[in-house]
Structures are given as structure tokens and as C-alpha cells.
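Working notes, structure below.
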Amino acid sequence: MYQTTAVLRTAFLEFFGRNGHQIVDSSSLVPHNDPTLLFTNAGMNQFKDLFLGQEKRSYTRATTSQRCVRAGGKHNDLDNVGYTARHHTFFEMLGNFSFGDYFKEDAINFAWTFLTEELKLPKEKLCVTVYETDDEAFSIWRDKVGVPEDSIIRIGDNKGAQYASDNFWQMGDTGPCGPCTEIFYDHGEHIWGGRPGTPEEDGDRFIEIWNLVFMQYNRQPDGTMEPLPKPSVDTGMGIERIAAILQGGHSNYDIDIFQKLIAKAAELTSAKDLENKSLRVIADHIRSCAFLIADGVMPSNEGRGYVLRRIIRRAVRHGNKLGATDTFFYKLVPTLIEVMGDAANGLKEVQAIVEKALKAEEEQFARTLERGLNILDAALNGLDGKILDGETLFKLYDTYGFPVDLTADVCREREIDVDEAGFEAEMAKQKARAQAAGQFSAEYSSAITLEETTDFTGYELLADNSSVIKLLKEGEEVSELSAGDEAIIVLEQTPFYAESGGQVGDSGILTGEGFEFEVKDTQKYGQAFGHIGKLVSGSLKAGGSVSAQVNKQRRHRTQLNHSVTHLLHAALRQVLGTHVTQKGSLVDPDKLRFDFSHFEAVKVEELVEVENLVNQQIRRNHELKAEVMDIDAAKEKGAMALFGEKYDAEVRVVTMGDFSIELCGGTHVGRTGDIGLFKITQEAGIAAGVRRIEAVTGAAAVELVNAQQQALSSAASLLKAEPNALVAKLQAQLDKAKLLEKEVAQLKAKLASAASADLVNETVEVNGIKVLVKKLEGVDAKSLRDLQDQLKTKLGTGVVVLGIAGDAKVNLIAGVSKDLTAKVKAGELVGMVAGFVGGKGGGRPDMAQAGGSQPENLENALTKVLPWLEERLI
């Protein structure tokens, strides 16, 4: 009945659905509502706020099959994957949850009923653990469920600290916590190991399959345990473990999902031994990699993207070990979608994106893998001892892009340890070198930090009155400025926007009684806004009053470019996929630059679609709404928060219709229609997995379109064609030009053949060998090679040196019949001649070419050939 994992998953969800639980979809592997987690690593992650009482939903019971990844941060099983029966980077956690609804008795009954009645597991194969003081759970198992007392094991504080037991769960040092009860399955006497709590508990005979956590206390800072008003239940059962039992296996890799992935990996890598651990690694890693990309993570050198890159490269390296000679990893995605069933519905929607991203990363890694492995292999072969030094580790990482864990993986197979402390020391040295190299490059103003706070009034105002709270000249505080002084002025409040979030700082003027200060830029120094510029006239003292006036036109043009980056971001995610995230931006009055994660060049048709989408939203003339709210409310509203960014407790949310909603502190237009027009000017790659789009808006976009239209009209006029027929006319001209080029080449070949017949008559003999040395007229450089070939053929045995002179340029060619190359090398010969005309060259022993920059010396250079040959043709 449960011969596939997909059927088992459905059976679990339907069982709890029948028992009043809301079936909730798996959340993303990227926990957007929990900055403390690198990846979703447990079924309860998406319900954390419910357990804490910070969120309310329409249900008090839930069940899920949650996708989880443990490959970085606190929970990292990467090194064990492939070498143990039950460690994975990706796994599914079946779970049922009660949020102040049912408690211990119902939770225990649900679990026992599902295992013994739905799945038909033999009761005598099961034993349970409870926390040593949890008499309530003990009594439920013994008296209500009927588990024999000798199959109920009390587990205490065996780690030497209060509430540190495996059977006592806590969210942190303080907060919700409570005892656990765990259900174990006995795989049989033929497998070594003992029950939990015995010295042999680490064996593989008794395997934990389900953990039920009873959250009943709130732990205080002083250690006291206060009962929770609404005790809750959090359970988790790894689908791979229970599937292995139902499918008659002991290892998780025996189940249908892994067996099909292993078979496909073996097919793609030509591996013969299906028990090879490398196949297990590949089968495990395709699950985490594919689902991470589907959830918006892309390979990169930082954060979650770096973890993903490590997993992909580890899988590719194991494929390389098995004999894979071409990209293979991405080809596992269709098989993965097939075996995951309904759990892969979201993956199937973005299958093409996932495959492209995996293939691009594999191709990039392949370019460095072979050389890096050769260097590592040489280092290991020459190793004196059993530890690879930190310097070599760092070199592989820094020069060849080898993650340390990948090097450690290779070393592990050869029973060699790695010097991680030495690696960290080398990393520290590199950082110190980088800091030393850059310490003199910054301007004095970049090192300024101020304690003052400036109030920004520029969202509503472009002009405001204020007072000077600090004057800085050459980085030092002064009490007064004189005409001509370059300085930084800090105001109590200002309408000037200070550079932040990619938007450049405002410019404008500060005026007052008898003075004018030109503001060229505005920067942040802590919470203070510094107005950078020059006192044009008069004098200014600290504490004085000023009228601040922002350059309206410059601010307006900058706002057009800033607002459109939000539309561009949303459009890119719609056209290319939700893996696209902002990696940087620059918006100034003249243009915008937007960097984003993507694994390949954006196609022309995709750029057109993006541009059309943005302009469509501009024409809809959405009102831009800016609201200040707390970060959690912003995320619930759907605002995009970038991984790795730090946000204040309160954030500003900018919304443009139903198309874009982002966290942003910058200034914007009132309505999208103000932007006018959006035109992309360039798309290019700037780093692995990062692309850049440059564009213009408003008047600058109109000017660009006009210039392009003028160029189009001029080209049409030159070709005597209507603009709408220009492409066809141009193609016809190109076809005609190619045909003429072919005819010219044929004629030149005939002329060269005729010329060669005449030139043969000009040969001389050097020690009995025919030699032709000639400066040619009316012959182009492209014909030299054919002419040389024909002359060598006609000479049979001989040497040919030809040269032509043009405008400040010389072309030379030398040919030597193969029976003479032991005595005369064409490369040496042509190089000697080229030296007299200010050039150099080279080639094969029988044919070589060269160039030079002194045509006036060509005739003299050719006179050197015969004496040079006389010394060699003996």
C-alpha cells in the first residue's frame, strides 16, 4: 500500500485532515519571517509566531509535510551525507501541531493510531521514550495506549545540565519549552545496537521515527518554569525514515525516491556500482539544490547562495569521481520531479530555471575543477604526515574557488585531516593585507562619524529652514567658514536626501544672511546628514540659520530613476523567475543601474518583455504609497526583504499598485505616470550569477528614442529604403557583399596562381636549393598564404620568403618544404626578417608569418635572407 513515498505523504496528511487538522502547504526553504535561520530546518518553523502567541490563524490544529535543509549554520549535516544511512542535506518532515488545542493524550493517540493502524507497523517492534519526570506521558503510554512498561524508557538529564536531555525541548535559553516523547522502531537483532538509554544506543538497530514535543512551560531568565496558559504540541517524523521501514529497507537510501535518483545518476555518470557512496551524495544533493533554487536561492559567494554553491560543487565533484565527462547534474531534475509527486508541483513550474541555473554553475565549476584537483592531488601525494596545511587550503580556496569543505571531502577519502585553524589564519592575513592596501585611498570625509542627528523633511519638502549644528573643514570641526572654503555642513533638519540605498545624495544651495553655500553632495555620517560643498560668498558660523533649497530638477530626475527600479525589479521577477533578487543599484539624475541575481545573459526577447511590462505599469499611473510600519507587518504585507540586510524595527514600505511592494527609504515620484518612459540601454554580466541592467527614463529616454530614430532614418536614406523596409534592404546588401567578396577571392586566387607561375622564374639557388625572395606589389595580405603554398608546391624542395609593404605596415610570410625543416625553420627565418622592419612573428616549421611597422626597410630586410640561408643550407 505504501510502496512509494508519495503515497505515504498523502496518507499522513489525509489521516490528520480527517482528525480536524488544517493541511498546510510546506513553507519556503528560505524562512522570510525568521532572520535567526539560514534555512527552514524543522516543521515548526513556519508556526513559530503561533506558538509564541504573536500570531493568530483560523485554525488551532495543523499538519504539514515540510521541506527542510540542513547544510549550513547551526544545523549542518553536509559532511555526513553519503557516508551514513540517515543524514541528508534535504529531507521532508511530517508533522502535526496543536496551538493550545489538544495536548499529550491526543497527540500520543494520534501517533500510535497512525503507526499501528494506518501503517500496520507491528506494536512489538515499537518502543517509546519519555522525559524522566514526565509521569503524565508515561501513564498515557502504559494505561491508555497499552504499551508494556518495559518498552517505555525514561530519559533524564544525561548531559549534566538541567533540561539538557534529548527528551526536553526548548526554543532558547528562555521561552517556550517542555518534555518530549519519542517513538523508536526496532530493525531487528541482525543489526547491532541497543535501546535508547543503553550503552549501545548509538547503534543502528533502534531508530527514532517520531518526536512529540509538549510545550507546556515558559522558562524565565532565572530558570523558573511557569506553566503556559495554552500548552501546545509540535511533532516531527522524517518521511525518509518511515518510508525505509515500510519499503523493507534499513537505510534511507533504500527507498523509492533515492533508488530512482541513484539509478539515473549512475546512468548519467556511467557508474557501474550502484552502492557507490558518490551516487548517494549526488542523489541527496539534487534534492536540496533544486528546491533551494525553486525557492529563490541562486549560487553566489555569500550567504545562502554560497551554501548552495558548495552543495552543487560537491555533487559535481562526486560525479567527476564516477567518470562523468560532461555536465550531468541538471539532468536529474526531471527524475526528481517524477519521484517527489505532488511535493514537486512548485518545482515543476520553474523546472527550466532550475535546470539552467544548475547547468550554468556546473559549467563554471568545471573550468576550475580539473586544475584545482590536480594541484590538490600533487599536494596530497607529497604530504609528509596526515594533515593538509592551511596555506594549501587557502590557495585552493582563494585561487581556484575550492570551498574548504570540498577539499576536506577529498582529504577524508584519503584519511587525511585538514588544518582549518591554519586556513583561518591565512584568511585573517588576507583581510589585513586588504585593509592595509586600502587605508590611504579614502577621502577624509569617509572616516567621519558624528553623534548628532538630522531630521529629514525631504519626503514632503524641497525647501526648508534650519540651523547649523556643526561645521567641518578637512575633517576637523571649525566654528566659522569663509568664502572659498570647502566644507561639510550639518543641519538640525534638512530636505536634502543623503546618499543611501543606491540613490545619490541631493545637491542645491544653502543661503542666509550674506552667504551662499553650494551643496554638491549629501552624505550620512551616522544619523547626521552632511551637506558637502563650497561657501561661494560671505561667511557662516556654527549655530547660524540657513534656508535649504534642493535642486528640484536634479531630485526629480533622480526620483524617476529610483521609482522605476522598483518596477524593473518586479518585472524581472515576473519574466525571469522569483529567483531574481536585487544585488545592488545606483540611481542618479542621468541613469539607473540595477544589479540582480541571474545565471545567464538575459535574452533580447526577455528584455523586450521586461521593458514592455515596466512601461505598462507607468501608463497605469499607479499612485505611490509610502507607509511606515514595523518589520513584521511589512513582511506580512508582502514587502520584499533582502537576505543579509539589516532593517530597523520600523521600516518604510513603498507600494505601486498591485505590481510592486518593497522596503525603501528613498524618495519617489507621486505616480508612476510621472516616469514617462523607460528604456533599457545595456544588459551585461558583472560577476558569477549577477547581471546588470542600465536604463534611462523621462526626458533622457525620449532623447534616446529620438537619437535612435534619427540614426534609423539616416541609415534608411543611405540605403535608399523606407525605414520599415530597412532590415530587408540591409540583408539584401549584406548578401550581395558576401557574393562579391567570394567572387573577388576567386579572382585573387586565379591572379595568385598566374603570378606564381611568373615568380618561379625568379628563383635562385643556395647550395643547390631553390630559393625565392620577393617584395610583391598589388597583392593583399590575405592572398599571401595561398601564394606561398602554390610556390612551395611548384618548387618541390625549396624556401619561399614574400613581403608586402603598405601604409606604415609590413606583412611577411616564409615557407619551407618539409624535407628542409631540419635545417631551416620558417619561424626563425621570418622572425629574422621581421626584426629589420620593426616587427616579430612565428608559426610552424614549414610556414610562418610576421608583421612590421617600417615598410621603408622591407627591401633591405629581404637582402638578409640569402646570407642567412647560406649558413644553414650546407
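Residue numbers count from 1 along this sequence.
- Between the side chains of His88 and Glu240, no donor-acceptor pair is found at a separation under 3.5 Å.
- Under 3.5 Å, the side chains of Arg414 and Asn381 contain a donor-acceptor pair of N or O atoms.
- Considering every non-hydrogen atom in both Phe365 and Val316, the closest pair reads CD2-CG1, 4.0 Å.
- Using a 4.5 Å heavy-atom threshold, the side chains of Arg287 and Ile257 count as touching.
- Put simply, CD1 on Ile312 and CZ on Arg310 are 12.5 Å apart, with the number rounded to the nearest 0.5 Å.
- The CE atom of Met340 sits 12.5 Å away from the NZ atom of Lys260 when rounded to the nearest 0.5 Å.
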Test side chain to side chain contact (heavy atoms under 4.5 Å, CB included) applied to Asn211 and Trp169, step by step: CA-CA 10 Å; Asn211 184 16; Trp169 177 90; 5.9 Å; no
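- In this structure the side chain of Gln582 reaches within 4.5 angstrom of the side chain of Glu662, judged on heavy atoms.
- Glu201 and Arg195 get closest at one heavy-atom pair: CB-O, 3.5 Å.
- Legend: residues meeting side chain to side chain donor-acceptor pair (under 3.5 Å) with Asp326, ordered by chain and number and at least two apart, are absent.
- Within the 4.5 Å cutoff, the side chain of Arg573 has heavy atoms near those of the Thr581 side chain.
- Put simply, CZ on Phe329 and CD on Glu355 are 12.0 Å apart, with the number rounded to the nearest 0.5 Å.
- Ile353 is not listed as a side-chain neighbour of Thr578, based on a closest heavy-atom distance of 4.5 Å or more.
- The neighbour count for Glu200 CD, taken as heavy atoms of other residues, nucleotides or ligands under 6.0 Å away, is above 12.
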Applying side chain to side chain contact (heavy atoms under 4.5 Å, CB included), run through Leu308 and Cys289 and close with a yes or a no. CA-CA 6 Å; Leu308 172 60; Cys289 294; 3.9 Å; yes
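- Phe39 and Leu292 make their closest contact through CE2-CD2, 3.5 Å (heavy atoms, listed as atom of the first residue, atom of the second, distance).
- Between Pro196 and Glu182, every side-chain heavy-atom pair lies at or beyond the 4.5 Å cut-off.
- By the ring-ring contact (aromatic ring centres under 6.0 Å, His included) test, Phe291 is found to be paired with Phe90, residues two or more places apart in sequence or in another chain being considered.
- Applying side chain to side chain contact (heavy atoms under 4.5 Å, CB included) to Val418 and the options Asp389, Leu393, Val410 leaves one that passes, Leu393.
- Of all heavy-atom pairs spanning Cys177 and Arg219, the tightest one is SG-CB, 3.9 Å.
- Separation of atoms SG (Cys180) and CG (Asp234) is listed at 8.5 Å; rounding is to 0.5 Å.
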Carefully, step by step, assess His250 and Asp204 under the rule side-chain hydrogen bond (donor to acceptor under 3.5 Å, both in side chains). CA-CA 9 Å; His250 178 252; Asp204 279 343; 4.8 Å; no
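- Here the OG1 atom belonging to Thr565 is positioned 12.5 Å from the CZ atom belonging to Arg593, to the nearest 0.5 angstrom.
- More than 12 heavy atoms of other shown residues, nucleotides or ligands fall within 6.0 angstrom of atom CD in Glu694.
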For side chain to side chain contact (heavy atoms under 4.5 Å, CB included), just list the numbers for Arg280 and Ser251, CA-CA rounded to whole Å, side-chain angles, deciding distance to a tenth of an Å, and then say yes or no. CA-CA 11 Å; Arg280 289 184 172 190; Ser251 166; 3.9 Å; yes
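- In this structure, Phe596 and Phe594 have parallel ring planes: the angle between them is below the 30° cut-off, well short of the 60° mark.
- Between Pro299 and Arg313, the closest side-chain pair of non-hydrogen atoms is not below 4.5 Å.
- Annotation: the span from Lys583 atom NZ to Arg691 atom CZ amounts to 15.0 Å, rounded to 0.5 Å.
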Step-by-step side chain to side chain contact (heavy atoms under 4.5 Å, CB included) determination, Ile286 to Leu358: CA-CA 9 Å; Ile286 188 59; Leu358 289 173; 3.8 Å; yes
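- No donor-acceptor distance shorter than 3.5 angstrom exists from the side chain of Arg67 to the backbone of Ser28, with no hydrogens or angles considered.
- Aromatic pair Phe184/Phe206: ring centres not closer than 6.0 Å.
- Two residues are said to be in side-chain contact when any heavy atoms from C-beta on lie closer than 4.5 Å; Arg309 and Gln364 meet this criterion.
- The two residues Ser278 and Lys321 come nearest to each other via the heavy atoms OG-NZ, 3.7 Å.
- Legend: residues meeting ring-ring contact (aromatic ring centres under 6.0 Å, His included) with Phe423, ordered by chain and number and at least two apart, are Tyr397.
- Side-chain contact check for Val69 versus Thr40: every heavy-atom pair is 4.5 Å or farther apart.
- A donor-acceptor pair shorter than 3.5 Å can be found between the side chains of Glu92 and Ser65.
- Look at Lys359 and Glu362 and you find no salt bridge, because none of the NZ, NE, NH1 or NH2 atoms lies under 4.0 Å from a carboxylate O.
- Atom NZ of Lys272 sits in a sparse spot, with 12 or fewer heavy atoms from other residues, nucleotides or ligands closer than 6.0 Å.
- Shortest non-hydrogen contact noted between Tyr253 and Asp284 is OH-CB, 4.0 Å.
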